[in-house]
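The next block holds one structure in the form of structure tokens; read it before the comments.
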2 protein chains.
Amino acid sequence: MRRARRPAASTMPTLADVGREAGVTAKTVSRVLNGDGPVAGRTRERVLAAVRRLGYRPNLMARNIRIGARDATVGLVIPELGDPFFGAVAGGVEHAVRARGLTLIVGSSEETAAREEALIATFLNRRVSALLIVPAAGGDHRHLRAERAAGLPVVFLDRPPARLTADCVVSANREGSRAGVAHLIARGHRRIGFVGDLPALYTRRERLRGYRDALAAAGLPFERTLVTTGHGPEAAARATLRLLGLREPPTALFAGNDLAALGAVVALARAGRKDVALVGFDDPPLAEALDPPLTVVAQDPAGIGGAAAELALARLDGDRSRARRTVVPTRLIARGSGELPPPG
Amino acid sequence: MRRARRPAASTMPTLADVGREAGVTAKTVSRVLNGDGPVAGRTRERVLAAVRRLGYRPNLMARNIRIGARDATVGLVIPELGDPFFGAVAGGVEHAVRARGLTLIVGSSEETAAREEALIATFLNRRVSALLIVPAAGGDHRHLRAERAAGLPVVFLDRPPARLTADCVVSANREGSRAGVAHLIARGHRRIGFVGDLPALYTRRERLRGYRDALAAAGLPFERTLVTTGHGPEAAARATLRLLGLREPPTALFAGNDLAALGAVVALARAGRKDVALVGFDDPPLAEALDPPLTVVAQDPAGIGGAAAELALARLDGDRSRARRTVVPTRLIARGSGELPPPG
DNA sequence: GTGAAAGCGCTAACAT
DNA sequence: ATGTTAGCGCTTTCAC
């Protein structure tokens, strides 16, 4: 008796079923389908006919079990698949992985270390061939040491691992940010506001470093009052208004990510302030359609995903060199919003 | 001798290894881990200790094989994971699926029927528990009849299946489009251009129908010269310029998707035409930051993904009612770009 | 409360 | 050129 809840599973024909239908053994069918041992032309035909007749589909799980291989999948843990940035990262991973005949399995951690750990555990139990992780803040990846030692490729994306040495692919956050702020300084701005995300995020910290680098390089003072903190466009909009309300307000703003830029643009528009220069990090689709068009430090999310996947695939091919950090360049796209000189 | 190419696989401890370490049988370990049969408290402790010591991870593939269950995964075939719209759809699927303890596996068809078929075959071979498909144009889904008959939940998203009756979740394309165009007509526009994608796409055809519905309801004539065709923002920009160059140009535009809207906005800005009203389909992040803010017919991509996943899960729970079509509502968000009255 | 044997669907290693 | 046997890691069945 087979259980009733899984009709699709119990109805599926097996190799033996096909063999019976074709008048041969399961092994012969296996040979035909995997093209190893020799098979007579006529047998081959009969087998293929039986396969079609029964709608046979090889069971990959059973196959993997037998040949002792890991599952032909790559696991990706990402904060949120629906986020445009991370969606693009996932797309980059998917292309690289599929080109290699592997399948992508994804889960969203929702920026939670607990969910991230649960997803990683699930993926490891599935025996994925490689693991790609955009780590949530507050996590601890020491438990992956053993897996790495056992030869499982583990690559971190967008943010470095915590308490673990492992491969890692990140944007040129600091340098990109520096270039964006330098762009504003070159237009004569001396008071530049930083509209940033929460300090727990690696990217915010790096981009703030780049901001300070640019100020330092120009001999400008760093002022804490010009640095704001907040997650999401509404927080960024409020932060922008607060900056504009300072006794000595900034004449230009640098937005630390796409949502911060959105908040800043909206706040400036609502306040009717066309005299404030703005440079954003990340290049959302409508940036060029804004008025003025938004100058940005563009990242390459698909590039990050692709590079991470390639690195994992190289490890899978036996690359045993020590853990390396790949930095994906950013690109300053001057469109107009950063060209504004300071008033006066 | 185990093969050398898969060190991670061959090193992994098995149930038997854990049993040996704890001085019990594999079966007892299995009992502890799955909590079925009775186990003595002390044995249990010893087993759990051994599990931790060896870093044991249950092999899900082997488990599934034995219990004859399908894999605890849902397969999703999507045109492009990196596309913001489809990324959001995938995010909606992922949330619903994860809440159920299932794992998402995704592949990009790149709008190609061949790739789509290959992905479907891979997923079926993996014995996914359900199949979600955004069908590429030009495909044929008759081959899925058998799978559906065998009880496999198959749900189509965003577009209906070809030559197959199956569950399907789509946006209210026609009605949304009608509402968007009616919005323009209500502002007095009588010549409205349609900036659309390629006719092979189901969504373009439906939205064009909605456009015609709105015209007909207002007693306005349908003019073929006002309807354009082209994929991507550049094509849309060219189409927009062509419409504006007509002897009797439209006073308003309706853009059939996000990229068409982007192209139209950019073209209007470049041409310095602030006098042309515009309504778009889809609600990209910066739409509200445009000048004027973009009026749109917003879709709910995550809602589409979620609804499709829920439908599949209900089927998995035994819902055997006949195939149904779920229509996810759209929402007209009036922001300004559609408020412009026709000149004169 | 625990173990031994059998078997899920498949393939490696040897027959024949 | 094909079949037999054994076994992958796990769970079911039945014995103790």
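Below, each value reflects all heavy atoms present in this structure, side chains not excepted, and no hydrogens, waters or symmetry copies. Per chain, numbering begins at 1; letters A, B, ... match sequence-line order.
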task: Let me know which of B/Ile120, B/Asp158, B/Val155, B/Leu157 forms a side chain to side chain contact (heavy atoms under 4.5 Å, CB included) with B/Ile133.
output: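 With B/Ile133 as partner, side chain to side chain contact (heavy atoms under 4.5 Å, CB included) holds for just one option, B/Ile120.
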- request: Report the residue from A/Val170, A/Val169, A/Val134 that forms a side chain to side chain contact (heavy atoms under 4.5 Å, CB included) with A/Ile304.
  value: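 When side chain to side chain contact (heavy atoms under 4.5 Å, CB included) is applied between A/Ile304 and each of A/Val170, A/Val169, A/Val134, only A/Val169 qualifies.
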Write down the distance between [atom1] ([X]) and [atom2] ([N]), rounded to a whole number of angstrom.
{"X": "A/Leu33", "N": "C/dG9", "atom1": "CG", "atom2": "P", "result": "16 Å"}
{"X": "B/Leu15", "N": "D/dC8", "atom1": "CG", "atom2": "C1'", "result": "13 Å"}
{"X": "A/Asp17", "N": "C/dC8", "atom1": "CG", "atom2": "C1'", "result": "13 Å"}
{"X": "A/Met61", "N": "C/dT11", "atom1": "CE", "atom2": "C1'", "result": "16 Å"}
{"X": "A/Leu60", "N": "C/dC10", "atom1": "CG", "atom2": "P", "result": "10 Å"}
{"X": "A/Asn59", "N": "D/dG9", "atom1": "CG", "atom2": "C1'", "result": "14 Å"}
{"X": "B/Asp71", "N": "C/dC8", "atom1": "CG", "atom2": "C1'", "result": "15 Å"}
{"X": "A/Met12", "N": "C/dC8", "atom1": "CE", "atom2": "P", "result": "16 Å"}

Between the side chain of [X] and the main-chain N/O of [Y], is any donor-acceptor distance below 3.5 Å?
{"X": "B/Glu94", "Y": "A/Ser108", "result": "yes"}
{"X": "B/Arg31", "Y": "B/Gly37", "result": "no"}
{"X": "B/Arg126", "Y": "B/Asp71", "result": "no"}

Show the nearest heavy-atom pair for residues [X] and [Y], with the distance to one decimal.
{"X": "A/Ala312", "Y": "A/Ala130", "result": "CB-CB, 4.1 Å"}
{"X": "B/Tyr202", "Y": "B/Arg325", "result": "OH-NH1, 3.4 Å"}
{"X": "A/Leu164", "Y": "A/Arg148", "result": "CD2-CD, 4.2 Å"}

query: Is B/Arg53 atom CZ crowded by more than 12 heavy atoms from other residues, nucleotides or ligands, each under 6.0 Å away?
result: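 More than 12 within 6.0 Å, yes.
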OP1 or OP2 of [N] less than 4.0 angstrom from a side-chain nitrogen or oxygen of [X], does that happen here?
{"X": "A/Thr28", "N": "D/dG3", "answer": "yes"}
{"X": "B/Ser30", "N": "D/dT11", "answer": "yes"}
{"X": "B/Arg63", "N": "D/dT11", "answer": "yes"}

message: Using the side-chain heavy atoms of A/Ile67, tell me which of these nucleotides is nearest: C/dA12, D/dC10, C/dG9.
response: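 Output: C/dA12.
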query: Where the side chain of B/Arg66 is concerned, which of C/dT11, D/dT12, C/dG9 is the nearest nucleotide?
result: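 Closest of the options to the side chain of B/Arg66: D/dT12.
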field: Residue mapping more 5' on DNA chain C - nearest nucleotide basis, B/Arg127 or B/Ala26
entry: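 Looking at the nearest nucleotide for each, B/Ala26 comes out on the 5' side.
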query: Among residues 34-48 of chain B, which residues get a heavy atom nearer than 4.0 Å to DNA chain D?
result: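 B/Asn34 - these, ordered by number, are the residues of the stretch whose heavy atoms sit under 4.0 Å from the strand.
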Test log, rule side chain to side chain contact (heavy atoms under 4.5 Å, CB included), inputs A/Val106 and A/Val93: CA-CA 10 Å; A/Val106 218; A/Val93 171; over 6 Å; no
message: Any carboxylate oxygen within less than 4.0 angstrom of a Lys/Arg side-chain nitrogen, looking at A/Glu147 and A/Arg315?
response: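 Between A/Arg315 and A/Glu147 there is no salt bridge, as every charged N stays at least 4.0 Å from the carboxylate O atoms.
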What protein N or O atoms touch nucleotides 13-16 of chain D N or O atoms at under 3.5 angstrom, if any, and at what distances?
none

- request: Step by step, work out the side chain to side chain contact (heavy atoms under 4.5 Å, CB included) result for B/Arg324 and B/Asp319.
  value: CA-CA 11 Å; B/Arg324 63 168 160 277; B/Asp319 179 348; 3.2 Å; yes
message: Students often get this wrong, so: under 4.0 angstrom with heavy atoms, is A/Thr25 touching a base, only sugar-phosphate, or nothing?
response: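 Base, at least one base atom sits under 4.0 Å.
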task: For the helix from C/dG1-D/dC16 to C/dT16-D/dA1, measure the angle between the helix axis at one end and the axis at the other, each built from five pairs, rounding to 10°.
output: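 Rounded value for the end-axis angle: 40°.
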